[in-house]
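Read the structure below first, then the notes.
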Amino acid sequence: MKIAVIIVRVLMGLMFVFSAIVVLFKLMPTPELTGNMKTFNEGLAASGYFMPFLKSVELIAGIALVLGFFVPLATVVIFPITINIFLVHLFLAPEGLPVAIFMLAGNLFLAYYYRKNYTSMLVVK
């Protein structure tokens, strides 16, 4: 189980790091988008702050996952982003759905593995 956790953690981390670096440093041209995906992406970009903030969070969490530091925290922080990636590909860009499913399944797997770290947050006081 421990080897599977390391593999999933590193693969997810590398995907987030790569994605963040490509967007933050504009290493590749942005693909031409159409329809609702174009509208969605333009809305995110129109805020001016959201995409750099999102990619910075992805970069930090991805580095934490790759290096194995604060993995339970990185898993929680990256979870809403992973859900959004899954939903965007489910409803707007189905061609990316296999990667989105891997990201969501990997995040859920890591959350399950580190579930004991979350018990103090889920106690009713």
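FYI, side chains are in, hydrogens and waters are out, and symmetry mates aren't considered; it's all heavy atoms of this structure.
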Under a single-linkage definition using a 4.5 Å side-chain heavy-atom cutoff for Ile, Leu, Val, Met, Phe, Trp and Tyr, are [X] and [Y] assigned to the same hydrophobic cluster?
{"X": "Val71", "Y": "Phe69", "answer": "yes"}
{"X": "Ile63", "Y": "Met103", "answer": "yes"}
{"X": "Ile60", "Y": "Leu54", "answer": "no"}
{"X": "Met1", "Y": "Tyr118", "answer": "yes"}
{"X": "Val23", "Y": "Leu44", "answer": "no"}

Test item: [X] and [Y] side chains (from C-beta on) under 4.5 Å apart, heavy atoms:
{"X": "Met37", "Y": "Val88", "value": "yes"}
{"X": "Phe79", "Y": "Leu110", "value": "no"}
{"X": "Tyr113", "Y": "Val8", "value": "no"}
{"X": "Phe18", "Y": "Val22", "value": "yes"}
{"X": "Leu65", "Y": "Val10", "value": "no"}

With a 3.5 Å distance limit and no angle check, can you tell me whether Ser19 reaches the backbone of Phe16 through a side-chain donor-acceptor pair? no
More than 12 non-hydrogen atoms from neighbouring residues, nucleotides or ligands closer than 6.0 Å to [atom1] on [X], yes or no?
{"X": "Leu122", "atom1": "CG", "value": "yes"}
{"X": "Met28", "atom1": "CE", "value": "no"}
{"X": "Phe53", "atom1": "CZ", "value": "no"}

Nearest-0.5 Å distance, [atom1] of residue [X] to [atom2] of residue [Y]:
{"X": "Phe102", "Y": "Met12", "atom1": "CZ", "atom2": "CE", "answer": "7.0 Å"}
{"X": "Ile83", "Y": "Leu90", "atom1": "CD1", "atom2": "CG", "answer": "12.5 Å"}
{"X": "Leu92", "Y": "Leu97", "atom1": "CG", "atom2": "CG", "answer": "11.5 Å"}

For Val76 and Tyr114, what are the C-alpha separation, side-chain angles and deciding distance, and is it a side chain to side chain contact (heavy atoms under 4.5 Å, CB included)? CA-CA 10 Å; Val76 170; Tyr114 290 105; over 6 Å; no
Testing the basics here: between Ala61 and Ile78, what is the closest heavy-atom pair and its distance to 0.1 Å? CB-CD1, 3.7 Å
Nearest non-hydrogen partners of Pro72 and Asn117, listed with the distance: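 Result for this residue pair: CG-ND2, 3.4 Å.
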Restricting to pairs with a member in residues 78-105, which pass side chain to side chain donor-acceptor pair (under 3.5 Å), not counting sequence neighbours?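 Pairs touching residues 78-105 that pass the test: Thr82-Asn107.
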Name all pairs fulfilling the side chain to side chain donor-acceptor pair (under 3.5 Å) condition that reach into residues 24-47, sequence neighbours left out, sorted by first residue then second.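 Counting only pairs at least two positions apart or across chains, no side chain to side chain donor-acceptor pair (under 3.5 Å) contact touches residues 24-47.
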Here the salt bridge (charged side-chain N to carboxylate O under 4.0 Å, His left out) pairs for residues 57-78, sequence neighbours left out, are Lys55-Glu58
Identify whether NZ of Lys or CZ of Arg in Arg115 sits under 6.0 Å from the centre of the six-membered ring of Tyr112 and within 45° of that ring's axis.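 Judged by the rule (NZ or CZ under 6.0 Å from the ring centre, within 45° of its axis), Arg115 counts as positioned above Tyr112.
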